[in-house]
Amino acid sequence: MDQDKLNKQSNYWESNFSKKPLMFGLIPSAASLSALKKFEEDNIKEIIELGAGLGRDTVFFAKNKIKVEALDYSSTAIKIIEEKAKDNNLSKFISTKHFDIRNKLPYKDNSINGIFSHMLYCMALTNSEIKQLNNEILRVLKPGGINIYSVRNTSDGDYKKGIHRGEDMYENDGFIINFFSEKKVNGLLEGFKNLSITNFEEGNFPRKLFLIQNKKL
């Protein structure tokens, strides 16, 4: 495994966000549509979004009266989210934090009701870093709190294609993706109860993903 290559993914994302501020479009992800229903069902009014990217889901949650603190390790992404919040008169619903999720999350134990991330878990993170992130989410969630995340799965057309970067990671077009089997998803359930694992597709490729909803025990 080339750890230096994994670390340099932040530069690659920074460059792409700078050159393509609309690279993911403006339409909210299917993952966020499902997440909103669950957050509303559980009367969760404030959430943390990890790996918020260019903020299409951040803006969607905010437009639906959910307060979002959006975290991303790209300073360009954070700037774009802040501009979108201002342009859409959503600043009272959106706050941001420039943050690398490989570090300890900047929240107290048992303090957060809901956490959302779309394809963050399947970025250029080693399996040990994914487990560490998942444990941090467990730490900061309140008992009964909800963690909703999506990952590209092993049925995806890019799985085992391109350059193998170690473990379940493959690089295609410069992007390194860590792919998930259902067994791998279930291996992250310590301290959680799984509420659902749903298959869905995104994009023209299409990418094949799992949407996971977990509840802290």
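The side chain to side chain contact (heavy atoms under 4.5 Å, CB included) search around Asn194 returns Leu189, Ile197, Ile212, Asn214, not counting sequence neighbours. For Ser150, the side-chain hydrogen bond (donor to acceptor under 3.5 Å, both in side chains) test picks out His118, with sequence neighbours left out. Residues meeting the side chain to side chain contact (heavy atoms under 4.5 Å, CB included) test with Gln132, sequence neighbours left out: none. Not a single side-chain hydrogen bond (donor to acceptor under 3.5 Å, both in side chains) links Asn103 to another residue, sequence neighbours left out. Legend: residues meeting salt bridge (charged side-chain N to carboxylate O under 4.0 Å, His left out) with Asp100, ordered by chain and number and at least two apart, are Arg102. Scored by the ring pair (Phe, Tyr, Trp, His ring centres under 6.0 Å) test, Phe99 finds no partners at all (sequence neighbours excluded). For Asn147, the side-chain hydrogen bond (donor to acceptor under 3.5 Å, both in side chains) partners two or more places apart in sequence, or in a different chain, are Tyr121. By the side-chain hydrogen bond (donor to acceptor under 3.5 Å, both in side chains) test, Asp158 pairs with Arg152, sequence neighbours left out.
The minimum heavy-atom distance linking Glu201 with Pro206 is given by the pair OE1-CG, 3.4 Å. Scanning both residues, Asn178 and Thr126, for their nearest heavy atoms gives ND2-C, 4.2 Å. The nearest pair of heavy atoms linking Asn172 to Lys161 is ND2-O, 3.2 Å. Across Ala70 and Ile81, no two heavy atoms sit closer than the pair CB-CD1, 4.1 Å. Closest non-hydrogen pair, Ala52 versus Asp72, comes out as N-OD2, 3.3 Å. Taking both residues in full, the closest heavy atoms of Ala31 and Leu211 are given as CB-CD1, 3.8 Å, listed atom of the first, atom of the second, then distance.
Formation of a donor-acceptor pair under 3.5 Å by the Lys216 side chain with backbone atoms of Asn110 is not found in this model. Formation of a donor-acceptor pair under 3.5 Å by the Asn64 side chain with backbone atoms of Ile66 is not found in this model. Side-chain N or O atoms of Asp57 include none that pairs as donor or acceptor with a backbone N or O of Ser32 at under 3.5 Å. No donor-acceptor pair under 3.5 Å is formed between the side chain of His164 and the backbone N or O of Tyr170.
Phe116 and Leu36 fall within a single hydrophobic cluster, where Ile, Leu, Val, Met, Phe, Trp and Tyr side chains are chained together by heavy-atom contacts under 4.5 Å. Placement of Ile148 and Leu33 within a single hydrophobic cluster is found when ILVMFWY residues are connected by side-chain heavy-atom separations under 4.5 Å, directly or transitively. Residues Phe180 and Leu138 share a single hydrophobic cluster, defined by chaining ILVMFWY side chains whose heavy atoms lie under 4.5 Å apart. Ile78 and Ile101 fall into different hydrophobic clusters, where Ile, Leu, Val, Met, Phe, Trp and Tyr residues are linked whenever their side-chain heavy atoms come under 4.5 Å apart, directly or through other members. One hydrophobic cluster, built from ILVMFWY side chains closer than 4.5 Å, cannot hold both Val59 and Leu71; they sit in different ones.
Annotation: the span from Leu195 atom CG to Gln213 atom CD amounts to 6.5 Å, rounded to 0.5 Å. Ile130 contributes atom CD1, which lies 10.0 Å from atom CE of Met123 (distance to the nearest 0.5 angstrom). Within the model, atoms CG of Asn199 and CG of Leu209 stand 9.0 Å from one another, a figure rounded to the nearest 0.5 Å. A distance of 9.5 Å separates OG1 in Thr154 from CZ in Phe179, rounded to the nearest 0.5 Å. Atom OG of Ser128 and atom CG of Leu133 lie 11.5 Å apart (nearest 0.5 Å). A distance of 9.5 Å separates OG of Ser95 from CD of Glu82, quoted to the nearest 0.5 Å.
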Could you go through the side chain to side chain contact (heavy atoms under 4.5 Å, CB included) check for Ile112 and Leu105 one step at a time?
CA-CA 11 Å; Ile112 306 298; Leu105 292 178; over 6 Å; no

For Ser29 and Met119, run side chain to side chain contact (heavy atoms under 4.5 Å, CB included): C-alpha distance rounded to whole Å, both residues' side-chain angles, the deciding distance at 0.1 Å, then the answer.
CA-CA 10 Å; Ser29 69; Met119 293 199 286; over 6 Å; no

Dump the intermediate steps for side chain to side chain contact (heavy atoms under 4.5 Å, CB included) on Thr96 and Thr58, then the final yes or no.
CA-CA 10 Å; Thr96 61; Thr58 313; over 6 Å; no

Show your working on side chain to side chain contact (heavy atoms under 4.5 Å, CB included) between Ile115 and Val140 and close with a plain yes or no.
CA-CA 10 Å; Ile115 294 179; Val140 304; 3.8 Å; yes

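Sequence neighbours left out, the pairs with a member in residues 113-138 that pass salt bridge (Lys or Arg N to Asp or Glu O under 4.0 Å) are Glu136-Arg139. Among residues at least two apart or in separate chains, salt bridge (Lys or Arg N to Asp or Glu O under 4.0 Å) pairs with a member in residues 176-195 are Asp168-Lys184. Sorted by first and then second residue, the ring pair (Phe, Tyr, Trp, His ring centres under 6.0 Å) pairs with a member in residues 192-217 form an empty list; sequence neighbours excluded.
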Please list, one pair per line, the donor and acceptor atoms closer than 3.5 Å that link side chains of residues 39-48 to other protein atoms, with sequence neighbours excluded.
{"residue": "Glu41", "atom": "OE2", "partner": "Lys38", "partner atom": "NZ", "Å": "3.2"}
{"residue": "Asp42", "atom": "OD1", "partner": "Lys38", "partner atom": "NZ", "Å": "3.2"}

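Heavy-atom contacts from other residues, nucleotides or ligands closer than 6.0 Å to NZ of Lys208 number 12 or fewer.
Within the 4.5 Å cutoff, the side chain of Asn88 has no heavy atoms near those of the Ile94 side chain.
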